[in-house]
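These notes concern the structure reproduced below.
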Amino acid sequence: MDTPQGPHLRRIRPALPLPTHLEPGLGAEAAAHTAAATWGMPDFVFQQATHASKGSGRRELGDRLLLAGRRGAVVQVKARTITPKPDAQEAAWIQKVAAKAMSQAKGTVRQLRMTPADMVSGRGRTLRVDGNAYEWIAVFLLDHPQVPDGIVAHWQPTGMPAIVLARRDWDFLFDQLRSTTAVLDYLFRAAAEPAIPLGQEPLRYYEFAAADAAEPESGDRHRAGGTGRHPVLRTTTAPVARRSRRHQRAPDDPHHAGGHRPCPAWRLTDRGPPLHGALRP
């Protein structure tokens, strides 16, 4: 990335490895879940308790959901499970699965708005999710061994913000921000911008951070972004503190005191202080 001080280089780590005991498609879903649960806490990553009815069949309500505060993301994960073909064919396949993923995300939100459903968090707790209670974004995660250069995914409008990420970039965002709320805020912010080639999300992240750092300080450390607000991304030489696993619990989680009732949606938040999501070197 070019900066006023010269080029800025940063090595982006590869995505977490897929679990060896699962086939690649399910493994990619599990790895995406692990990244979000490890760096963003498992309280905010959900999957379906049981499949919803759809005529004579059953509808899957997203591969995963992220829920924090009043925002939610429907996450659809697609993995390339065969040896990649020439770039032109891979590009066509990526466009095809992107369109399918966004259609599935749209259907999930529509179903949740019609019929609330039980979702289970990474801690095994059940939350009744009413789709009308959230502002939604559709997220398509692509697990691919070698995405052709310059591929920009396209899809039909979904009636909500939508974004496509390589799975490596999903891991990057959670590793950088260490907060599900901050990742959701970032996704909404990025989705309001023009689509970029797959694999370039870290570059956009640093461009946002550089723009934020150039803005004058003010008493308000948040900027307006669409219908919500997102924390200003900042650069710092201080690493973000990492709590021990024993203390990784949502600060206002009603189960913290030992209860076992489902979490009310309005209590699902992990927003930290203004620099909680500080960008690390």
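Note on L127 and V74: same hydrophobic cluster, where clusters join Ile, Leu, Val, Met, Phe, Trp and Tyr whose side-chain heavy atoms are under 4.5 Å apart, directly or indirectly. In terms of hydrophobic clustering, with Ile, Leu, Val, Met, Phe, Trp and Tyr side chains grouped at heavy-atom distances under 4.5 Å, V139 and L142 are assigned to different clusters. Linking ILVMFWY side-chain heavy atoms closer than 4.5 Å, directly or via other members, places I137 and Y205 in a single hydrophobic cluster. Note on V45: it clusters hydrophobically with L177, by side-chain heavy-atom contacts below 4.5 Å among ILVMFWY residues. The hydrophobic cluster containing M102 also contains L198, counting ILVMFWY residues as joined when their side-chain heavy atoms lie under 4.5 angstrom apart, directly or transitively.
For the pair V75 and L65, the minimum side-chain heavy-atom distance is 4.5 Å or more. Side-chain atoms of F174 and V183, non-hydrogen and from C-beta on, do get closer than 4.5 Å to each other. Put simply, the side chain of Y186 does not reach to within 4.5 Å of the side chain of Q176, judged on heavy atoms. Looking at heavy atoms from C-beta onward, K106 lies out of side-chain contact with S103 at the 4.5 angstrom threshold. L112 is listed as a side-chain neighbour of L61, based on a closest heavy-atom distance under 4.5 Å. At least one side-chain heavy atom of P84 sits less than 4.5 Å from a side-chain heavy atom of P145. In this structure the side chain of W39 never reaches within 4.5 angstrom of the side chain of T180, judged on heavy atoms.
Legend: salt bridge (charged side-chain N to carboxylate O under 4.0 Å, His left out) pairs involving residues 72-87, not counting sequence neighbours, sorted by first then second residue: R80-E90. Among residues at least two apart or in separate chains, there is no salt bridge (charged side-chain N to carboxylate O under 4.0 Å, His left out) pair with a member in residues 190-200.
To the nearest 0.5 Å, atoms CG (L66) and OH (Y134) are separated by 11.5 Å. To the nearest 0.5 angstrom, L184 atom CG is 9.5 Å from E135 atom CD. The line from CD of Q47 to OG of S121 is 9.5 Å long, rounded to the nearest 0.5 Å.
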Do any side-chain atoms of residues 18-25 form donor-acceptor pairs under 3.5 angstrom with protein atoms, and if so which ones, sequence neighbours left out?
| unit_1 | atom_1 | unit_2 | atom_2 | d |
| --- | --- | --- | --- | --- |
| E23 | OE1 | G25 | N | 2.9 |
| E23 | OE2 | L26 | N | 3.1 |

Tabulate below the donor-acceptor pairs under 3.5 Å that side-chain atoms of residues 148-161 make, not counting sequence neighbours, or state none.
| unit_1 | atom_1 | unit_2 | atom_2 | d |
| --- | --- | --- | --- | --- |
| H154 | NE2 | V152 | O | 3.3 |
| T158 | OG1 | M160 | N | 3.4 |
| T158 | OG1 | M160 | O | 2.9 |

Which atom pairs, donor and acceptor, lie under 3.5 Å between side-chain atoms of residues 164-173 and protein residues at least two apart or in another chain?
| unit_1 | atom_1 | unit_2 | atom_2 | d |
| --- | --- | --- | --- | --- |
| R167 | NE | D143 | OD1 | 2.6 |
| R167 | NH1 | L16 | O | 2.9 |
| R167 | NH2 | L16 | O | 2.9 |
| R167 | NH2 | D143 | OD1 | 3.0 |
| R168 | NH2 | G199 | O | 2.7 |
| D169 | OD2 | E201 | N | 3.4 |
| W170 | NE1 | A32 | O | 3.0 |
| D171 | OD2 | L16 | N | 2.8 |

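A donor-acceptor distance shorter than 3.5 angstrom exists from the side chain of W136 to the backbone of G131, with no hydrogens or angles considered.
Considering every non-hydrogen atom in both N132 and R113, the closest pair reads ND2-O, 3.0 Å. Heavy-atom minimum distance, A68 versus T181: CB-OG1, 3.5 Å.
Contacts of D118 classified as salt bridge (charged side-chain N to carboxylate O under 4.0 Å, His left out), with partners at least two apart in sequence or in another chain: R128.
Geometrically, R64 does not engage F46 in a cation-pi contact defined by less than 6.0 Å to the ring centre and at most 45° from the axis.
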Run the salt bridge (charged side-chain N to carboxylate O under 4.0 Å, His left out) check on D185 and R71 step by step: do they pass?
CA-CA 8 Å; D185 288 346; R71 277 181 161 174; 2.9 Å; yes
